Amino acid sequence: METSGSEEISRPSSPANSVISFSTDDVNILLREFGGRLLNSQNEMYVLPVDDREHARLDYQHRALTLTLDSLYAAPDLVRAVMTPSQKRSPAAVDLGAGSGQWVIEFAEEFPHATVVGIDLAPPTNFHKPIPSNCRFEVDDVNYSLSHYAKSFDVCHMRSIECGINDYEDLIYRVAQILRTNGVLLMASGGDQLYGEDRKPLPQEVAEGQPGWCAAQALFSATHSSGL
């Protein structure tokens, strides 16, 4: 049994333990093929691929967000303050939903004195350079207990993971349990509003064939209306 908040829940039948050390022999356990793409085998809510093509897309997304922030993270003063070395313990950070692992690697490079952990449903493999010795990656489904990491981190980073989370409020509660005193939580999520070439929002409800109609926006609007 796993615990989440105040409620005890059962992990569904899954070949994955809470944390897995990945090797090439584990591919058939952690990943499954569908439509010529690789998907994770733990969480049916998360339907995006986890292969090299998807990780390359996530690398582009990571770079765009880094350029937008002009930094790896928001609130740089808060982050640097809690990541300052102390005589009591080494600072540590975790990225929940680490994706391609680029944020983890670059954060570890910026803070070589710290331990940096990336957690995701599948292991990243599309590395462009050696992994720093102060970072590691673990396979886990963060919908379940994080109690093994109680009060372990000074920074927790989460970016665009909501489509794989079944109870976001509960996740925030559990993240609070893994942060140390004065810990910093960094969250980023995208919306489903599309913009035109003039950088103005596309209208939500436009009949097909009418000016301003966009197939992607129509799909987003229908998905949102259906509650998916």
Side-chain angles (χ1 to χ4, degrees), residues 46 48 54-140 142-143 146 148-165 168-195 199 201:
Y46 192 81
L48 291 177
E54 173 64 8
H55 285 164
R57 183 192 70 81
L58 291 174
D59 285 346
Y60 282 115
Q61 175 179 283
H62 167 72
R63 189 56 52 210
L65 291 170
T66 301
L67 290 172
T68 300
L69 290 172
D70 195 27
S71 173
L72 269 178
Y73 41 82
D77 292 343
L78 291 176
V79 171
R80 290 166 188 158
V82 298
M83 295 302 292
T84 300
S86 82
Q87 295 181 344
K88 295 182 179 179
R89 62 192 176 199
S90 298
V94 63
D95 186 13
L96 302 183
S100 66
Q102 286 304 303
W103 189 92
V104 177
I105 291 172
E106 292 177 27
F107 197 83
E109 290 175 335
E110 183 170 341
F111 299 99
H113 57 276
T115 298
V116 187
V117 180
I119 298 176
D120 207 305
L121 293 165
T125 57
N126 194 28
F127 296 120
H128 307 294
K129 53 185 176 181
I131 302 173
S133 60
N134 61 317
C135 82
R136 70 178 187 272
F137 294 92
E138 296 181 355
V139 175
D140 199 1
V142 299
N143 285 296
L146 297 173
H148 51 288
Y149 273 136
K151 299 186 183 302
S152 293
F153 300 107
D154 301 285
V155 172
C156 178
H157 179 259
M158 302 191 304
R159 186 168 67 193
S160 301
I161 66 172
E162 56 277 359
C163 64
I165 302 301
Y168 211 88
E169 182 177 349
D170 181 65
L171 176 62
I172 298 302
Y173 171 85
R174 288 181 288 109
V175 165
Q177 310 308 306
I178 69 174
L179 285 172
R180 295 168 175 167
T181 302
N182 298 321
V184 177
L185 171 58
L186 302 170
M187 297 189 299
S189 296
D192 56 7
Q193 174 64 61
L194 295 183
Y195 292 79
R199 298 188 178 183

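Note that this is a predicted model, so its numbers are computed, not measured.
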Find the distance between CG (Leu146) and CD (Gln177) and round it off to the nearest 0.5 Å. 10.0 Å

Take Ile105 and Lys129 through the test side-chain contact (heavy atoms from CB on, under 4.5 Å) and record every step on the way to the result. CA-CA 9 Å; Ile105 291 172; Lys129 53 185 176 181; 4.0 Å; yes

Relative to the ring of Phe107, is the ring of Trp103 parallel (under 30°), tilted (30 to 60°) or perpendicular (over 60°)? parallel

Quick one: pull up OG in Ser100 and CZ in Phe137 and give me the separation to the nearest 0.5 Å. 8.0 Å

On a heavy-atom basis, which atom in Val142 and which in Leu171 lie closest, and how many Å separate them? O-CD1, 3.7 Å

For Ala98 and Gly118, which heavy atoms make the closest approach, and how far apart are they? CB-CA, 3.8 Å

Got a donor-acceptor contact below 3.5 angstrom from the Asp154 side chain to the Gly183 backbone? no

Give, for atom CD of Glu109 and atom CG of Asn134, the distance between the pair rounded to the nearest 0.5 Å. 8.5 Å

Determine the minimum heavy-atom distance between Gly97 and Ile161, stating which atoms define it. CA-CG2, 3.8 Å

Donor-acceptor contact below 3.5 Å, side chain Ser71 vs main chain Ala74: no

Could you please spell out the steps behind the side-chain contact (heavy atoms from CB on, under 4.5 Å) verdict for His128 and Asp59? CA-CA 10 Å; His128 307 294; Asp59 285 346; 2.9 Å; yes

Indicate the atoms forming the closest heavy-atom contact of Ala92 with Met83, along with that distance. O-SD, 4.1 Å

Backbone of Gly99 reached by a side-chain donor or acceptor of Asp120 within 3.5 Å: yes

Under 3.5 Å: donor-acceptor pair, side chain of Asn182, backbone of Leu78: no

Given Val117, Ile131, Ile119, the one that forms side-chain contact (heavy atoms from CB on, under 4.5 Å) with Arg136: Val117

Between atom CG of Leu58 and atom CZ of Arg159, what is the distance when rounded to the nearest 0.5 Å? 8.5 Å

Please report the shortest heavy-atom distance between His113 and Ser90, naming the atom on each side. O-CB, 4.0 Å

May I have the step-by-step check of side-chain contact (heavy atoms from CB on, under 4.5 Å) for Ser152 and Ile178, ending in yes or no? CA-CA 6 Å; Ser152 293; Ile178 69 174; 5.6 Å; no

Have a look at Met158 and tell me which of Ile172, Val94, Leu186 forms a side-chain contact (heavy atoms from CB on, under 4.5 Å) with it. Ile172

Closest approach of Glu162 and Ser189, non-hydrogen atoms and distance? OE1-OG, 3.0 Å

Could you tell me whether the side chain of Gln61 and the main chain of Arg57 form a donor-acceptor pair under 3.5 Å? no

To the nearest 0.5 Å, atom CG of Leu67 lies from atom NE2 of His62 at 9.0 Å

Inter-residue atom distance Cys135.SG - Glu106.CD, 0.5 Å rounding: 11.0 Å

Check ion pair Asp170-Arg174 (N to O, under 4.0 angstrom): yes

